[in-house]
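Data block below; observations after.
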Amino acid sequence: MNAAGAAGLGDLGDGTYRNPVLAADWSDPDVVRVGDDFYLTASSFGRAPGLPLLHSRDLVNWTLIGHALERLEPAEAFAAPRHDCGVWAPSIRHHDGRFWIFWGDPDHGVFQVNSPDIRGPWSAPHLVKAGKGLIDACPLWDEERGEAYLVHAWAKSRSGVKNRLTGHRMSPDGRELLDEGRVLVDADHIPGWFTLEGPKLYRHDGWFWILAPAGGVATGWQGAFRSRTFHGPYEERVVLEQGDTPVNGPHQGGWVSTPSGDDWFLHFQQRGAYGRVVHLQPLHWGVDGWPVIGADGAPVDVHKKPDLPPQPVSAPATDDDFPGGRHGRQWQWSANPLDGWATSHAADGLRLACVRSADAHDLRRLPHVLTQRIPLAPCTVEVGLRIDGTAADAGAGLAVLGDAFSWIGLERGGDGTVRLVHRFAESVAERERDAERPRPAPDGTARLRISIADGARCRFSADTGDGFRPSGQVFAATPWRWVGALLGLFATAPAGRGGAGTALFTRFRITSPQ
C-alpha cells in the first residue's frame with residue numbers, strides 16, 4: 001500500500017468517510033474556507049518550519065502544501081528543542097484579501113503572520129501582545145460593524161491563571177490591541193467546568209459565538225458560548241461530548257461552512273503516543289439557535305461526505321526519495337535549523353552532517369533531528385542509510401522519539417569499522433544505552449526498519465547485507481508532554497574539533513500491511 005494508505009485514509013470511496021480524517025498528530029486544528037478551497041493549520045510547538053498548511057476541497061481528503069512559519073521567534077529561544085513550547089493552537093482566517101494566522105506562545109505572547117497567498121510568502125512573525133501565559137489566540141473581523149476583536153485563553157503554568165477567556169478590541173490591521181482586555185467567560189463560575197481554553201470566535205445570526213473546549217485534553221467536551229455583544233454576558237452549552245462512543249475528549253477545533261451553506265466542525269481526539277488526530281463532524285443549527293455537532297451532540301464514526309464535488313483520495317505525504325538532497329514538506333527540525341545540517345547534491349538521498357554535540361547521547365536534546373508524524377494505522381517504516389562519518393562514534397539512524405526514545409542505525413567505531421547499533425532511553429534516563437549488542441556492518445550501509453503495531457508498539461530490525469534481522473525488545477512509543485511521538489532521522493557525533501563527515505539516507509517509505 002502507498003504512503004497515503006499508510007496515513008489512514010478517511011475516504012471510504014462510497015460517498016462516506018470514517019473518522020479520523022487526518023490520522024496523525026495534527027494538533028489543535030483550525031480551518032477556513034476561501035471560495036471552493038478549505039485550508040487547515042495546526043499546532044507545531046517548537047518544531048521548524050511551523051504552522052503547517054493543509055488543503056482540501058471536500059474536508060475529507062487533505063494534502064500538506066507548506067508552512068507559514070519558517071523559523072520561530074525569538075530565534076534564540078528555539079535554538080534547542082522545546083517540545084512543549086512555541087506555537088500553541090493557531091487560528092486561521094481570511095480577511096481583506098489576506099490569510100491571517102494568530103497563535104499564542106505561552107512564554108512570549110500573541111503573534112500573527114499574514115499573506116495574500118496561502119503558499120506565501122508569509123510576513124515575519126509580529127508580536128501583537130507580549131506576556132506570559134497568553135495562548136490559543138483567535139481574531140474576528142466584524143464586517144457589519146467595521147470592528148476587529150481578539151480572544152485568547154490562559155496557561156496557568158506561566159500566568160497562574162486558567163479556565164477563563166479574555167477579549168480585546170483589535171486594530172483592523174491586526175497589529176495591536178486597543179484595550180487592556182476584559183474577561184469574557186470565567187468558567188470558575190460555571191458549575192462543573194474546568195480547563196476552558198482553545199477559543200474560536202465567530203459571528204452568526206446576530207450573535208457573537210465562542211466555540212471553546214473544556215474538561216482536559218483527553219477527557220473533555222466542546223462548549224459553545226453566545227452573546228449579543230462582544231463583551232458579554234455569554235450563555236453556554238455543551239455541544240459535543242463522548243457519550244456512548246469510543247471517542248474520548250472530542251473537542252477543540254473549527255467550524256466551517258461549504259459554498260452551499262452546509263456546516264461542519266473539525267476537532268481533535270487525543271490518542272496517546274499518536275498525538276491528536278482530527279475528526280470531521282456534521283453541524284447544524286437547532287430550532288433554538290444553538291449548534292448541534294455530530295449525531296445529536298456525540299461524535300460520528302462513519303458519515304456521508306460533505307455535498308461537494310468528488311476529489312481524489314489523498315492524505316498528507318509521508319514517503320520521500322529526497323530528490324536533489326531536499327526533504328519533503330512533511331519533515332520538521334526539532335528546533336530552528338542552521339545552515340549545513342543538510343546539503344543539496346545532484347542525486348537523490350538526504351545527506352546530513354554528523355553534527356558534533358555534547359548531547360549526542362540523548363536525541364531529545366538535539367536540534368538537528370528531522371522529524372515527521374507517526375501514522376495512527378499499523379505500518380512499517382523503512383529507510384536506507386550509508387554512514388560516511390569519519391570521526392570515532394559518528395553515527396546516524398532512524399528513531400522513534402518521545403518522552404522516551406529508541407533508534408537503530410550505524411556508527412563508526414574507534415578502529416574505523418562501521419557497526420549496526422540499536423539504543424534506547426527511558427523517560428527518566430539522562431542518556432541512552434544499548435538495546436542490542438552492536439554487530440558489524442561491513443559495507444557501511446544498512447536498510448533500517450521499524451514495524452509499528454497497535455498501541456504504537458515498535459519492533460526494530462535491520463538488513464546489513466544478510467536479510468532483515470530483528471533487534472532488541474519491543475519498544476512502546478511515548479508522547480511528549482503535548483506532542484505525539486515522532487519518527488526521526490539524524491546524524492551526530494560527540495563534541496570535538498573538526499568535521500565529522502556525513503550520513504546519506506535514501507528511499508524513506510511508510511507502508512501499511514496488505
Side-chain angles (χ1 to χ4, degrees), residues 3 6 24-25 47-49 81 83 316-338 340-345 347-357 359-360 362-375 379-389 394-402 405-412 418 420-424 432 441 444-452 458 460-463 475 477 483-493 500-511:
D25 187 23
R47 304 194 300 277
H83 302 287
T318 57
D319 294 356
D320 206 342
D321 286 323
F322 310 110
R326 297 179 298 274
H327 56 77
R329 298 186 180 101
Q330 64 268 36
W331 298 96
Q332 296 169 287
W333 297 101
S334 290
N336 281 337
L338 296 178
W341 287 357
T343 57
S344 60
H345 52 94
D348 291 350
L350 178 68
R351 184 174 291 153
L352 295 182
C354 295
V355 178
R356 290 191 178 276
S357 173
D359 293 320
D362 189 342
L363 299 187
R364 294 165 297 197
R365 301 180 185 179
L366 298 182
H368 52 276
V369 180
L370 200 58
T371 69
Q372 68 163 284
R373 297 159 180 84
I374 290 181
C379 63
T380 298
V381 183
E382 283 191 19
V383 70
L385 173 62
R386 186 184 76 213
I387 185 71
D388 298 320
L398 169 66
V400 175
L401 280 163
F405 69 87
S406 186
W407 67 274
I408 192 166
L410 299 174
E411 184 178 77
R412 190 171 297 279
V418 176
L420 180 81
V421 295
H422 179 191
R423 299 198 175 109
F424 78 102
E432 65 191 17
T445 63
R447 187 80 186 162
L448 310 173
R449 176 184 289 173
I450 306 174
S451 299
I452 306 178
C458 304
F460 290 74
S461 59
D463 178 3
F475 173 77
V483 182
L486 298 166
L487 298 170
L489 303 178
F490 71 94
T492 194
T502 62
L504 183 71
F505 292 90
T506 55
R507 200 172 182 273
F508 182 92
R509 293 290 184 272
I510 300 181
T511 56

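Each residue takes its place number in the sequence, starting with 1. All values below come from the heavy atoms of this structure, side chains included, with hydrogens, waters and symmetry mates left out.
At a threshold of 4.5 Å between non-hydrogen side-chain atoms, the residues L401 and W407 do not count as touching. Side-chain contact between C354 and I387 is present, with at least one heavy-atom pair separated by less than 4.5 Å. Residues F490 and V355 fail the side-chain proximity criterion, which asks for heavy atoms closer than 4.5 Å. L385 is not listed as a side-chain neighbour of L398, based on a closest heavy-atom distance of 4.5 Å or more. Counting only heavy atoms from C-beta outward, the side chains of D348 and T506 never approach each other to under 4.5 Å. Annotation: side chain of R364 is not in contact with side chain of E432 (no heavy-atom distance under 4.5 Å). Residues F508 and H327 fail the side-chain proximity criterion, which asks for heavy atoms closer than 4.5 Å. Proximity of H368 to T492: side-chain heavy atoms (C-beta onward) are separated by under 4.5 Å at one or more points.
When each of R507, R509, R326 is paired with D321, the side chain to side chain donor-acceptor pair (under 3.5 Å) condition holds for R509 and for no other. Just one residue in the list V483, N336, L370, V369 forms a side-chain contact (heavy atoms from CB on, under 4.5 Å) with R47, and that residue is V483.
To the nearest 0.5 Å, atom CG of residue L504 and atom NE2 of residue H345 are 5.5 Å apart. Atoms CZ and OG1, on R386 and T445 in that order, are 9.0 Å from each other to the nearest 0.5 Å. Summarising the geometry, atom CD1 belonging to I374 is positioned 4.5 Å from atom CD1 belonging to I452; distances are rounded to the nearest 0.5 Å. Going from atom CD1 of I408 over to atom CZ of R449 covers 11.0 Å, rounded to the nearest 0.5 Å. In this structure, the separation between CD1 on I510 and OG1 on T318 is 4.5 Å, given to the nearest 0.5 Å. Once rounded to the nearest 0.5 Å, the distance linking OG1 of T502 with CG of L352 reads 8.5 Å.
Side-chain atoms of E382 never come within 3.5 Å of backbone atoms of R447 as a donor-acceptor pair (strictly under, hydrogens ignored). In this structure a side-chain-to-backbone donor-acceptor pair under 3.5 Å is missing from Q332 to A48. Remark: side-chain polar atoms of Q372 are not paired, donor with acceptor, to backbone N or O of L487 under 3.5 angstrom. Here the side chain of T371 pairs no donor or acceptor atom with the backbone of W333 at under 3.5 angstrom. A donor-acceptor contact shorter than 3.5 Å links the side chain of R373 to the backbone of D25.
With sequence neighbours excluded, the residues that form a side-chain contact (heavy atoms from CB on, under 4.5 Å) with R412 are V418. Under the side chain to side chain donor-acceptor pair (under 3.5 Å) criterion, W331 pairs with D320, sequence neighbours left out. When the ring pair (Phe, Tyr, Trp, His ring centres under 6.0 Å) test is applied to F460, the partners found at least two apart in sequence or on another chain are H422.
The two atoms that bring A317 and Q330 nearest to each other are O-CB, 3.4 Å, heavy atoms only. When every heavy atom of A396 is checked against every heavy atom of A503, the shortest pair comes out as CB-CB, 3.4 Å. For the pair L350 and A342, the tightest heavy-atom approach, listed with the atom from each and the gap, is CD1-CB, 4.3 Å. Of all heavy-atom pairs between A477 and C458, the closest is CB-SG, 4.3 Å. Across L366 and S334, no two heavy atoms sit closer than the pair O-CB, 3.5 Å.
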Step-by-step side chain to side chain contact (heavy atoms under 4.5 Å, CB included) determination, L410 to L420: CA-CA 5 Å; L410 299 174; L420 180 81; 4.1 Å; yes
